[in-house]
Amino acid sequence: MKYDRMRHDMVEKQIEARGITDVAVLKAMRKVPRHLFVSEALMDQAYSDFPLPIGEQQTISQPYIVAEMTQALQLSADDRVLEIGTGSGYQAAILAQIVFRVYTIERIHSLYVKARKLFDQLGYHNIVTRYSDGTSGWKDESPFNAIIVTAGAPVVPTVLVNQLAIGGRMVIPVGDQHAQDLIRLERDERGIRQTNLGACRFVKLVGEHGWSDPS
Ligand code: SAH
């Protein structure tokens, strides 16, 4: 299949070549059919080295960024992971390939519906979806072993950090609306350790503990 070859090429040239080594991440990215998470017109570009529009002025992240963020979460097979910003559903599908269960929240209804349908079609039964403002997290299902925020926040929302288990990891882009730093946090008994993984660019995290609603 054409797309299988493109996907293996993507992993070799964009992901492995740039130093991603987590075997589970590489395996997941070789498996998940990324072209099915974009519109038909963009399928041939799905394995290229850039983000793509998914409607509603939102984007599916560049493959490398997905790999980098997933690796930074240091996931195990029995982890429960929270994602804020379902979007196309691609990142959630990658996570679902690696961990026990994924909880993902989307604030735009049409994207939420589309992703849910796709998860069902592709058989991702370990992805739990929710339509709401994810900046407050998902208290009833907390604590999580990992939290991934796939939209740019003005600051790290404290409510989210509080939903991390001891030993839990979180990645979140933090900055202004044009450029952010990818921040990794780890919670241990003594508190939070924070590292900066470098520059990135995401659409806005809009909500109570994010940017205010533009509409
Ligand atoms: N992880 C996605 C990336 C989507 S882009 C993927 O793999 O395709 C970021 C998404 O975050 C957008 O769909 C946007 O609507 C959503 N988003 C922004 N603010 C949000 C919030 N407060 N709660 C939930 N989703 C939010």
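Below, all heavy atoms of this structure are taken into account, side chains as well, without hydrogens, waters or symmetry copies.
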Looking only at heavy atoms, what is the nearest atom pair of [X] and [Y], with distance?
X: A72; Y: L197; value: CB-CD1, 3.7 Å
X: W211; Y: P154; value: NE1-CD, 3.5 Å
X: S110; Y: E56; value: OG-OE2, 2.7 Å
X: I127; Y: A92; value: CD1-O, 3.8 Å
X: K114; Y: I54; value: NZ-O, 4.4 Å
X: A151; Y: P173; value: O-CD, 3.5 Å

Does the pair L95 and L73 meet the rule for a side chain to side chain contact (heavy atoms under 4.5 Å, CB included), with working shown?
CA-CA 10 Å; L95 295 167; L73 293 175; 4.1 Å; yes

Can you tell me if T70 and Q91 form a side-chain donor-acceptor pair at under 3.5 Å?
yes

For the residue pair R184 / Q74, report whether a side-chain donor-acceptor contact shorter than 3.5 Å exists.
yes

[X] versus [Y]: any side-chain heavy-atom pair under 4.5 Å?
X: F119; Y: T86; result: yes
X: E106; Y: T129; result: no
X: I20; Y: L26; result: yes
X: R34; Y: I60; result: yes
X: L75; Y: R169; result: yes
X: F202; Y: I65; result: yes
X: P51; Y: Q62; result: yes
X: T150; Y: E83; result: yes

Using the rule that Ile, Leu, Val, Met, Phe, Trp and Tyr join whenever any side-chain heavy atoms are under 4.5 Å apart, tell me whether [X] and [Y] fall into a single cluster.
X: V203; Y: Y64; answer: no
X: F50; Y: M10; answer: yes
X: V66; Y: M43; answer: yes
X: I15; Y: V23; answer: no

Quick one: does [X]'s side chain have a donor or acceptor within less than 3.5 Å of a partner on [Y]'s backbone?
X: S142; Y: Q163; value: no
X: N126; Y: V99; value: yes
X: D79; Y: A146; value: no

Salt bridge (charged side-chain N to carboxylate O under 4.0 Å, His left out) between R7 and D4, worked out
CA-CA 5 Å; R7 189 160 57 249; D4 289 345; 2.7 Å; yes

Assess the residue pair R18 and D49 against the criterion (salt bridge (charged side-chain N to carboxylate O under 4.0 Å, His left out)); give the C-alpha distance rounded to whole Å, side-chain angles, the decisive distance to 0.1 Å, and a yes or no.
CA-CA 12 Å; R18 289 188 195 137; D49 196 13; 2.5 Å; yes

Could D9 and R5 be called an ion pair, given the rule that one side-chain N must be under 4.0 Å from one carboxylate O?
no

What is the distance from atom [atom1] of [X] to atom [atom2] of [Y], rounded to the nearest 0.5 Å?
X: T104; Y: I148; atom1: OG1; atom2: CD1; result: 9.5 Å
X: R201; Y: Q177; atom1: CZ; atom2: CD; result: 10.5 Å
X: S61; Y: E68; atom1: OG; atom2: CD; result: 11.0 Å
X: E16; Y: M29; atom1: CD; atom2: CE; result: 11.0 Å
X: K204; Y: D213; atom1: NZ; atom2: CG; result: 9.0 Å
X: R80; Y: E141; atom1: CZ; atom2: CD; result: 5.5 Å

Going by the rule side chain to side chain donor-acceptor pair (under 3.5 Å), which residues pair with K139 if we only count those two or more places apart in sequence or in a different chain?
none

Suppose we screen for ring-ring contact (aromatic ring centres under 6.0 Å, His included). Which residues come up paired with Y90, at least two apart in sequence or across chains?
F37

What pairs of residues pass the ring-ring contact (aromatic ring centres under 6.0 Å, His included) test when at least one of them lies in residues 13-36, not counting sequence neighbours?
Y3-H35, H35-Y47

Should side-chain heavy atoms under 4.5 Å link Ile, Leu, Val, Met, Phe, Trp and Tyr, which residues sit in the same cluster as [X]?
X: I166; result: none
X: V113; result: Y112, Y131
X: I192; result: L82, I84, Y103, I105, V128, W138, F144, I147, V149, V156, L160, V161, L164, M170, I172, V174, I183, L185, L205

